[in-house]
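Counting from 1, the numbers follow the sequence of the chain as shown.
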Amino acid sequence: MPHAVVGVGAVNSVGGSADEVFDALCAGRTGRAELRGFDRGRFRAQHAYEIDDRPEPGADVTGRATRWLIRAIEEAARDAGLGDDLSEVPILVGTGLRELRSAELGWRDGAAFDVSELHFGTALRERFGAVRTYTFSNACSASLYALAMGSDLLAAEGADTVIVAGVDTLTESMYGLLDRVHMQPPDQVRPFDKDRKGVLMGDGAAAIVLRRGDQAAGSAVRGLLRSVYVNCDGYHVTAPDVAGVAEALVGAHRLAGVKSEDIDLVMLHGTGTLLNDEAEAQAIGQVFGAHAGNPLMTAVKSMTGHTSGGSGLLGLIVALSSLESGRVPPTVGLREPVEEAAGFRFVRGEHAEADLRLAQVNAFGFGGVNAVAVVERAEK
């Protein structure tokens, strides 16, 4: 039985709420700006997709990821009519780096930071009275992995309602790592473009309230979760495996009870890296076959940057908004697609409008942790 999404919340570099984010993406607005939080003189790359909420340029502060997480959960809970007391609602959080930026500031600058704040459970208990909190650190697929765990919890009747969230913030160590592995420093994220140079990180948090289908009567349903499929191909520390990605796509379709030709929209992982885009396109080509040119496809990291552990859940929220409104954001900066994706029906230039029923959301992480979700439009 599909589970019902009854509340959504999001914050990132292009907007402070789920609706603001979606409207900005449909308008093709990007959060790309000159790097604000770090000393730009230390890096070749000079841009990122940051949330501009620091007290002054270059004056970084601790606890920002936790604040965005709470903000997104507040919005989702309010949207679902839950209120502030979440003591009966399990909260599952997917993240790549947790509060690592705060730990960096504490270690290097002596900023006040306790190691217990590296995790989010304490803050969630203090703000919402949350009793059951779980944090999954599974790189770039973390929030969809958390979604799979939340879906399983509902299916096992361990809860009637769960909150699933994802969050990450730029850290100096990760920014520096990526800065050194790119052959040329990227100045923007250009997924699936032949001239792409690599990925740039972005800040952000996303959250949904998920309710078991048989408990959703009377709720304002934003969409239905048909399936989430997760695997770990263990192929390589960073390089993707086409076979592992393809298995995740097939598994998500099978669990959802759909075929590839039923999918109307694909929210691509689309990091703009040299290996990931080609591998994702190859896997889609294998699984969709003659139908690969049918669904609309878009990659919103072209506007938000790579929001790491929260990116999959952000893609799911955008997909639900697209299914509901019939609007699909464009892939900004995509001029000439790579050969493997040449036949795809990318949304480019302006947003597209279409009658959509089913969407697929892709998220692939380091170590081969792949996660794919299928969501369905809620019939009014």
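Under a 3.5 Å cut-off, the side chain of R348 and the backbone N or O of R335 do form a donor-acceptor pair. In this structure, R377 contributes its side chain and E324 its backbone to no donor-acceptor pair below 3.5 Å.
The heavy-atom pair separating V11 from G16 by the smallest distance is CG2-CA, 4.1 Å. For the pair A142 and F136, the tightest heavy-atom approach, listed with the atom from each and the gap, is CB-O, 3.7 Å. Across every non-hydrogen atom of A319 and M267, the tightest pair is CB-CG, 3.7 Å. Nearest heavy-atom pair, D264 versus R357, reported as atom, atom and distance to 0.1 Å: OD2-N, 2.8 Å. P191 approaches L334 most closely through the heavy-atom pair O-CD1, 3.5 Å. Taking all atoms of both residues into account, the shortest heavy-atom contact from S137 to G96 is OG-O, 3.0 Å.
Of the N and O atoms on the side chains of S102 and E117, not one donor lies less than 3.5 Å from an acceptor on the other residue. A side-chain donor-acceptor contact under 3.5 Å links T161 and R211. Counting only N and O atoms by type, the side chains of D114 and S116 include a donor and acceptor under 3.5 Å apart. The closest side-chain donor-acceptor pair between E280 and N362 falls under 3.5 angstrom. Side-chain contact of W68 with N12: a donor-acceptor pair under 3.5 Å is absent, judged by distance alone.
Interatomic distance, CD1 of I263 versus CG of L356, reported as 11.0 Å (0.5 Å rounding). Rounding to the nearest 0.5 Å gives a distance of 11.0 Å between CG of N370 and SG of C140. Between D277 atom CG and K194 atom NZ the span is 13.5 Å, to the nearest 0.5 Å. Note that the NE2 atom of H3 and the CZ atom of R226 stand 12.0 Å from one another [nearest 0.5 Å]. Taking NE2 of H47 as the reference point, atom CZ of R36 lies at 10.5 Å (rounded to 0.5 Å). The structure places CD of E247 at 12.0 Å from CD of Q286, a figure rounded to the nearest 0.5 Å.
D203 has its side chain out of reach of T307: every pair of non-hydrogen atoms, C-beta onward, lies at least 4.5 Å apart. Side-chain contact check for T135 versus T95: some heavy-atom pair is nearer than 4.5 Å. When side chains are defined from C-beta on, L358 counts as touching V258, because their heavy atoms get closer than 4.5 Å. Using a 4.5 Å cut-off on side-chain heavy atoms (C-beta onward), E88 and D160 make no contact.
The 12-atom threshold is not exceeded at CD of E339, counting heavy atoms of other residues, nucleotides or ligands nearer than 6.0 Å. Within a 6.0 Å sphere centred on OH of Y235, other residues, nucleotides and ligands contribute 12 heavy atoms or fewer. Atom CD of E350 sits in a sparse spot, with 12 or fewer heavy atoms from other residues, nucleotides or ligands closer than 6.0 Å. Heavy atoms from other residues, nucleotides or ligands lying under 6.0 Å from CZ of R42 number 12 at most.
When ring centroids are compared, F288 and H253 come within the 6.0 Å threshold.
Below 30°, between 30° and 60°, or above 60°: for F346 and F344 the angle between ring planes is between 30° and 60°, a tilted geometry. Relative ring orientation between F38 and F43 is described as tilted, the plane-to-plane angle lying within the 30° to 60° band.
Residues L147 and F364 are members of separate hydrophobic clusters, defined by side-chain heavy-atom contacts under 4.5 angstrom among Ile, Leu, Val, Met, Phe, Trp and Tyr.
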Just do the side chain to side chain contact (heavy atoms under 4.5 Å, CB included) check on H351 and E353 with the steps written out, would you? CA-CA 7 Å; H351 77 269; E353 296 190 7; 3.3 Å; yes
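A side-chain hydrogen bond (donor to acceptor under 3.5 Å, both in side chains) with R101 is found for exactly one of T62, T169, D60, namely D60.
Residues in residues 107-133 take part in no ring pair (Phe, Tyr, Trp, His ring centres under 6.0 Å) pair, two or more places apart or across chains.
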